[in-house]
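A quick write-up on the structure given underneath.
The first residue in the sequence is number 1, and the count goes up from there.
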Amino acid sequence: MNPIEGHLPVRSPLHAILAPTGIAVVGASSDPTKRGYKAMVGLIKDGFRGDIYPVNPKADMILGIKAWPSIAAIPGSPELALICTPAASVPGLIAECGRRGIKGAVILASGFAEIGGEGAELEREMMAKAEAHGVRIIGPNTSGVFNLHHRLNLLALDNVKPGDVGIVSQSGNMLLSLALEAQYNGQVGFSTYVGPGNQSDIGFDDYLRYLGEDEHTRVATLYVEGFRDGRKFLEVARDVTAMKPVVVYKSGSTEAGQKAASSHTGALAGSYAMTVDLLRQAGVSVVQHSDEILPVAEGLGLLQKARGKRVAVISDGGGQATIASDRLAEAGLELAELSEETRQKLRDVLFPQASTVNPVDVAGSTDANPSLLATCMEIVAADDNVDSVFLVGMFGGYSIRFAESLLGDEMRGAEAMVDLSKATDKPLVIYSLYTPIKPPALRRLHEAGLPIYASIEQAVRVLAALGERGEYLALSRQHPRESAIAPKPELSDLFQRARAEGRDLFEYEAKRLLREHGIDVPQELVVRSDAELGEATATFGDTPLAMKVVSKDILHKSDAGGVKLNLVGEAALRRAREEILAACRAYDARAEIEGVLVTPMARKGTEVIVGVIRDPIFGPVLMFGLGGIFVEILEDVAFRAIPLSRHDARSMVEQIKARRILEGARGEPAVDKEALVELLLTVSRIADAYPELSELDLNPVIVNADGYAVVDARVIVERESVNENAKESVA
């Protein structure tokens, strides 16, 4: 196992709340149908080591423990209160908690902001009491909390054991599913669980910081329907992923799923694709399917990372070796090219008919000697071209399939694999047909900390997560985020003037912003009268020109007939100007038209789009993809949170499915990718430097083998400053 390194700069205040020495159960009950009963049972059954204070004005004793009529009557000051009473009672109880010195409260009740109207007002009242009395809130509308290493089990879940997987889930049923899956697995245990509920106070970023610091957690695992403050979460995730893996399953990937998320938690799910890109940018391992959550969490918790994505496959069956190779390629992994020395060592121990080209097929060599698989794993693990080793086949089942006498040799093979796992820093991942029946050799491997999977697909997803994490850690150290630039006063004045006039930047102003920060923008002239057309002719000569309307009231110039192309000579310019003005006045008679913009036609090339949005959850975000009509039809775009690193910019170019077009398709020359990378980095710096820039749209940017040309630029101006702390919607 690899050690967990690193540290977080700020210690979370949640340690005292989630690992309390005393707890008040407000609404404790002897009625088995009540949550106050379940919580008491969980605390007593698991042997909570601290003080338990049942609060119920109608009982003297609850489950053998003295009860108290009110929070004020409790002796001592427990750090945590579990409130099991109806929503209407919560604000007053929070005030009582604060007066008693209680630091945190878990609110189970629903009926708050998730139902809107009166519920939202009740939640605001609750938070006002919490802030006034210094009480941190988990929930409301939460499924509860456990911390198994401190024997705090407020859910009274049976058959969950302490381990190193920390979970934060907006779905109580998802937790139950993971708990049952872990029970079946037999080796996975949990550290802390929290249901964040409405996140009225404590959000995902707070819980992630706590799990990052928790000594009992080796991997943080989150089921997310919506973030309250996505930008803050990304910052915390960058800190935590430098130390330990973070796994996220984000629901709401479809329109139907987004609506379901909204009705369930009051969340307003945003762009799923954007959220996934930004999470991965911060080093988070994002899983696409719910049945991958626990396998990936277990694999990352045990193995932490691989150096890269080169996998050596060892198989005792050609069919499954082929399947494994297909799945590895689909997951963005590659079959390692084994050295000739490695292949010769394999030939020395395997039958002549065995294939020593990766994937390695032992071709019957192990039928009477299954421990030979461990020898093969050791040989390929020593190859510098290999980042991880994937054993595929029937290991653990030889004694069942062929002869009971092979059990001893299988056990020796298992011990050799355990020894190899301790001697190498390369992950060893095992898929076996016999995993569901847990034969002795597989049990030994699992108990020793080697992940065993019953599905090639799940095993490959774990290998992908290990490789992605290893590459992320290496590249994030090599490529820190680009340093900020200072805004230029004269350009800041452009924004202030536009804001005062209630408009966005004119295209020529947007291009000035780009040009003065080093972006290659073609020369252009603003023509406000017929008399100025001669200057355009004198400046550009016989070069074919484009002409576009300049108006704060016409955003979509082509729709209004406000664009003319391939104009040569003053007569053509004069005629085009008259037609543009007439068409635009017909389109919007009240539109204020400042003039027309004249610029040389760009050379033909590949059209891309570069955009910036200020997302209400994640803040400034950069977008890149194919431009023109393709961006709307194909939706083949990549997103990154601003500011970017050089690796972020390069990975955006490599991520889009249409990257083969950029590389030169059907004999066309490849575009200048490095120029694109510089463009993305510069746009990122500009968006970071000018908070007044609400949106930016460069579409199209025409890219060629020797650079690019920004054909059209649109900058939307932020009309008012946004109070980041007031944002309540989620993505």
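Side chain of Asp648 to backbone of Ser645: a donor-acceptor contact under 3.5 angstrom is found. Under a 3.5 Å cut-off, the side chain of Glu213 and the backbone N or O of Ser12 do form a donor-acceptor pair. At least one donor-acceptor pair closer than 3.5 Å links the side chain of Ser325 to the backbone N or O of Ala321. A side-chain donor-acceptor contact under 3.5 Å links Arg659 to the backbone of Ile656. Judged by distance alone, the side chain of Ser339 and the main-chain N or O of Asp384 form no donor-acceptor pair under 3.5 Å. Under a 3.5 Å cut-off, the side chain of Arg469 and the backbone N or O of Gln304 do form a donor-acceptor pair. Side-chain N or O atoms of Tyr207 include none that pairs as donor or acceptor with a backbone N or O of Ile167 at under 3.5 Å. Side chain of Lys673 to backbone of Val653: no donor-acceptor contact under 3.5 angstrom is found. Side chain of Ser388 to backbone of Pro427: no donor-acceptor contact under 3.5 angstrom is found. Remark: the backbone N or O of Leu338 is not paired with any side-chain donor or acceptor of Asp383 at under 3.5 angstrom.
How far CD1 of Ile452 is from CG of Asn185: 10.0 Å, rounded to the nearest 0.5 Å. Note that CD of Gln187 and CG of Leu450 are 11.0 Å apart. Values are rounded to the nearest 0.5 Å. Here the straight-line distance linking atom CG of Leu373 with atom CE of Met394 works out to 9.5 Å at 0.5 Å rounding. Once rounded to the nearest 0.5 Å, the distance linking CG of Leu157 with CZ of Phe190 reads 9.0 Å. Taking CG of Leu442 as the start and CE of Met417 as the end, the distance is 9.0 Å to the nearest 0.5 Å. Put simply, OH on Tyr708 and CG on Leu679 are 4.5 Å apart, with the number rounded to the nearest 0.5 Å.
With respect to Arg660 and Glu663, no salt bridge is recorded, no charged nitrogen being found less than 4.0 Å from a carboxylate O. A salt bridge links Arg646 with Glu678; the closest basic N to acidic carboxylate O contact falls under 4.0 Å. The pair Glu235-Arg231 does not count as a salt bridge, with every side-chain nitrogen at least 4.0 angstrom from each carboxylate oxygen. Ion pair Arg347/Glu340 flagged as a salt bridge, since at least one NZ, NE, NH1 or NH2 atom sits closer than 4.0 Å to an Asp/Glu carboxylate oxygen. No salt bridge links Asp425 with Arg307; every basic N to acidic carboxylate O contact stays at or beyond 4.0 Å. Remark: Glu415 does not engage Arg412 in a salt bridge, criterion side-chain N to carboxylate O under 4.0 Å.
Under the 30°/60° scheme for interplanar angles, the aromatic rings of Phe227 and Phe204 are found to stand perpendicular. Ring-plane geometry between His216 and His150 is classed as perpendicular, the angle between the planes exceeding 60 degrees on a 0 to 90 degree scale with a lower cut at 30.
Counting only heavy atoms from C-beta outward, the side chains of Arg443 and Lys438 approach each other to under 4.5 Å. Residues Ile293 and Met174 are in side-chain contact: their nearest non-hydrogen atoms beyond the backbone lie under 4.5 Å apart. By the 4.5 Å heavy-atom criterion applied to side chains, Leu279 and Leu234 are counted as neighbours. Residues Leu175 and Leu155 form a side-chain contact, since some pair of their non-hydrogen atoms from C-beta on lies under 4.5 Å apart. Looking at Pro295 and Glu181, their side chains come closer than 4.5 Å, going by heavy atoms from C-beta outward. Side-chain atoms of Val386 and Asn358, non-hydrogen and from C-beta on, never get closer than 4.5 Å to each other. Counting heavy atoms from C-beta on, the side chains of Leu303 and Val429 come closer than 4.5 Å.
A donor-acceptor contact under 3.5 angstrom links the side chains of Asp316 and Tyr398, judged on distance only. A donor-acceptor pair shorter than 3.5 Å cannot be found between the side chains of Arg461 and Gln458. A donor-acceptor pair shorter than 3.5 Å can be found between the side chains of Gln344 and Asp348. Side chains of Ser651 and Arg640: a donor on one and an acceptor on the other come within 3.5 Å. Tyr210 and Thr217 share no donor-acceptor pair across their side chains, judged by distance under 3.5 Å alone. Between the side chains of His446 and Glu298, at least one donor N or O lies within less than 3.5 Å of an accepting N or O. Judged purely by distance below 3.5 Å, without hydrogens or angles, the side chains of Glu410 and Ser399 pair a donor atom with an acceptor atom. When only modelled atom types and interatomic distance are considered, Gln655 and Arg280 share no side-chain donor-acceptor pair under 3.5 Å.
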Exercise for the section: May I have the step-by-step check of side chain to side chain contact (heavy atoms under 4.5 Å, CB included) for Asp706 and Asp672, ending in yes or no? Expected result: CA-CA 6 Å; Asp706 57 352; Asp672 188 345; 5.6 Å; no
- Task: May I have the step-by-step check of side chain to side chain contact (heavy atoms under 4.5 Å, CB included) for Ser290 and Tyr223, ending in yes or no?
- Result: CA-CA 9 Å; Ser290 60; Tyr223 168 81; over 6 Å; no
Does the side chain to side chain contact (heavy atoms under 4.5 Å, CB included) test come out yes or no for Leu445 and Phe395, once each step is laid out?
CA-CA 11 Å; Leu445 292 175; Phe395 184 75; 3.8 Å; yes
Audit row: Leu278, Phe639, side chain to side chain contact (heavy atoms under 4.5 Å, CB included) steps and yes/no = CA-CA 7 Å; Leu278 302 191; Phe639 299 92; 4.2 Å; yes
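Atom CD of Gln478 sits in a crowded spot, with more than 12 heavy atoms from other residues, nucleotides or ligands closer than 6.0 Å. Remark: Arg401 CZ is loosely packed, at most 12 non-hydrogen atoms of other residues, nucleotides or ligands lying under 6.0 Å away. The local environment of CD in Glu337 is sparse, with at most 12 non-hydrogen atoms from other residues, nucleotides or ligands closer than 6.0 Å. For Glu330, the CD atom counts as densely surrounded, since its 6.0 Å shell holds more than 12 non-hydrogen atoms of other residues, nucleotides or ligands. More than 12 heavy atoms of other residues, nucleotides or ligands shown are found within 6.0 angstrom of NZ on Lys161.
With Val246 as the fixed residue, the side-chain contact (heavy atoms from CB on, under 4.5 Å) test singles out one of Val219, Val284, Val286: Val284. Checking each of Leu346, Leu350, Asp367 against Val362 for a side-chain contact (heavy atoms from CB on, under 4.5 Å) leaves exactly one that passes, namely Leu350. Among Lys309, Lys305, Arg310, Arg477, the one residue that satisfies the salt bridge (charged side-chain N to carboxylate O under 4.0 Å, His left out) test with Glu471 is Lys309.
Minimum interatomic distance between Gly172 and Tyr193 (heavy atoms only, all atoms of both residues): CA-OH, 4.2 Å. The nearest pair of heavy atoms linking Ala416 to Ala374 is CB-CB, 3.7 Å. Pairing each heavy atom of Leu372 with each of Val349, the nearest pair is CD2-O, 3.4 Å. Here the closest non-hydrogen pair linking Gln353 and Ala363 is NE2-O, 3.6 Å. The heavy-atom pair separating Leu333 from Ala464 by the smallest distance is CD1-N, 3.7 Å. Smallest separation of non-hydrogen atoms from Val637 and Gly625: CG1-CA, 4.1 Å.
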